[in-house]
Number of protein chains: 2
Amino acid sequence: MSSLDSRIRSDLEGKIRSGEWPPGARIPTEHELVAHYGCARMTVHKAITALAAAGLIERRKKAGSFVARPHVQTAVIEIPDIAAIIAARGETYLFVQLQSARARSTALGEASSLAGFYLGPDVLALDGLHVAAGRPFCLEHRLISLAAAPEAADTDFSATAPGSWLLGHIPWTQARHRITACVAGAGGEALQIGRNAPCLQVERWTWRASQPVTFVRQLFPGDRYDLVAEFTPD
Amino acid sequence: MSSLDSRIRSDLEGKIRSGEWPPGARIPTEHELVAHYGCARMTVHKAITALAAAGLIERRKKAGSFVARPHVQTAVIEIPDIAAIIAARGETYLFVQLQSARARSTALGEASSLAGFYLGPDVLALDGLHVAAGRPFCLEHRLISLAAAPEAADTDFSATAPGSWLLGHIPWTQARHRITACVAGAGGEALQIGRNAPCLQVERWTWRASQPVTFVRQLFPGDRYDLVAEFTPD
DNA sequence: GTCGATATTTTGTCTAGACATTATCGGCTG
DNA sequence: CAGCCGATAATGTCTAGACAAAATATCGAC
């Protein structure tokens, strides 16, 4: 926190963010910074390396270190467990299972829409509704690979959201998210909104050690949920 | 890339991701790893510190290092410049200005909706349309603080997207994003879709050195754009 | 002047220690 | 048994070097 390297780092970061060192400018060499701060090179190196990892500067051997030119806005969005979202709002949370089926994946018509994401021959298909403060909050359609999560076959998801359960049982996943806007369509009835109401749709494909584990499609009424991303590159 | 510390790091990471070391498990101490890999402690320390920064492990003095229990899914989404999105698709890009006005911010009715985001007394208000391959792609409404970006007053935005211009002139910002689903509403005409068509709305508030710079609201037809986030924590 | 080999500068990685910090453990005391 | 308190074990930071790798700069030959 107040270690020397972090002080050096925020010192340099301040000069960049304030514009004192504009994009493209060359910053002092490690050697010069060592002389300036009166410390070992490793200490300066650690500070500069962290700035480079954060994308604020670019380093080139022999040439030096330069303030980077921003090109993309990256934002970190957190997609927490839905139960956690609702708990944070101070509302009561409930999960209701609508349908559950165990099937051979080839029997699932949608298998083809999951291009390149083959969950194995044995798949659990679950439909459920997340309810916040008595109002429908999110309609969820989920497929779970029983090869990757065999315990799921013996678990009762009638009141437990499969997302929370999976997070606790098949953790440390790799995932891909897709966020789109669409109309509620057939899901409008369960969500108690019109078929033409706009919804935020989050799709997530999840792997564990490169083995597909689960796919989920979540539909949020547009007026009940939004994603907020604070972006403080550091 | 193939330095010793990165090899140690991916070695440990593999044991975590494969489940060999489940969440909550204690991983070997730095001392033990030094003995195992036959290197200096700094080298092991660098590898472990990187894993801790990535959130894969938690470290507690005296107690040791433990595989973290995942609780939130964080995803890094990149929100690139719209021109870059379209260029990446290999389509032609065009920006069309619809309206431009310089105003006292109190004269803008919406000022109140930007709670806590006061752009200063002198504001530039711009409406424009991003066009990809001849079709409307994004409707944009933007406010620029002339206190933060005085050069904007003398710039011609009739064909230059203000977003690209700002990125090059007032870089290294801090930002907040909000992503919602809504209907096109009045914007439906400019986008050549129905008023009830679902849209992805991205709002972004931008600061530079804690000074508000710009606010933008972008409306994407739901079927023409989606956000994709690859999540490979590392 | 142009090309190419060599020197130099700058960053990247690593070592073998030192001391600081802090939470836990175990024992001592009341 | 409860509570305090010091020993200890683990991480956190830092040093003063060393060598490696890479890219630029320089100088010489032609």
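Each chain gets a letter, A, B and so on, in the order its sequence line appears, and its residues count up from 1.
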*So how far is it from A:L200 CG to A:L219 CG, rounded to the nearest 0.5 Å?*
8.5 Å

*Whether A:F215 and A:W205 hold their rings parallel, tilted or perpendicular, with breakpoints at 30° and 60°*: tilted

*Ring centroid separation for B:H130 and B:F95, is it under 6.0 angstrom?*
yes

*asked:* In whole Å, I'd like the distance from the CG atom of B:L33 to the C1' atom of D:dA10.
replied: 13 Å

*For A:E30 and C:dG12, give me the distance from atom CD to atom P, rounded to whole Å.*
7 Å

*asked:* I want to check one thing: is the phosphate of C:dT9, taken as OP1 and OP2, less than 4.0 Å away from some side-chain N or O of A:T29?
replied: no

*Counting any heavy atom closer than 4.0 Å, what does B:I48 reach on the DNA or RNA strands: base, sugar-phosphate only, or nothing?*
nothing

Do any N or O atoms of the protein come closer than 3.5 Å to N or O atoms of nucleotides 17-23 of chain D, and which pairs are they?
unit_1	atom_1	unit_2	atom_2	d
D:dA18	N6	A:R41	NH2	3.3

*With a 4.5 Å heavy-atom cut-off, do A:V202 and A:F220 have their side chains touching?*
yes

*asked:* Between C1' on C:dT11 and CD1 on A:I27, what's the gap in Å once rounded to a whole number?
replied: 12 Å

_By nearest heavy atom, map B:R26 and B:H45 onto DNA chain D; which one lands nearer the 5' end?_
B:R26

*How many Å lie between OH on B:Y37 and C1' on C:dA16, as a whole number?*
20 Å

_Whole-Å gap separating P (D:dT11) and CG (B:L51)_ = 13 Å

*Within a radius of less than 6.0 Å around CZ of B:R69, do more than 12 heavy atoms belonging to other residues, nucleotides or ligands occur?*
no

*Residues in side-chain contact (heavy atoms from CB on, under 4.5 Å) with B:S145, at least two apart?*
B:L119, B:A147, B:A148

_Counting the atoms with a prime plus P, OP1 and OP2 as sugar-phosphate, which does A:S65 contact under 4.0 Å by heavy atoms, base, sugar-phosphate, or nothing?_
sugar-phosphate

*Roughly how many Å is it from CZ in B:R59 to C1' in C:dT24, rounded to a whole number?*
16 Å

*Other residues, nucleotides, ligands: >12 heavy atoms within 6.0 Å of B:R135 CZ*: no

*Whole angstrom is fine here: how far is it from CZ in B:F66 over to P in C:dA23?*
13 Å

*What is the distance from NE2 of B:H31 to P of C:dA18, rounded to the nearest Å?*
13 Å

*Taking only side-chain nitrogens and oxygens of B:S3, does any of them come within less than 4.0 Å of OP1 or OP2 of C:dG12?*
no

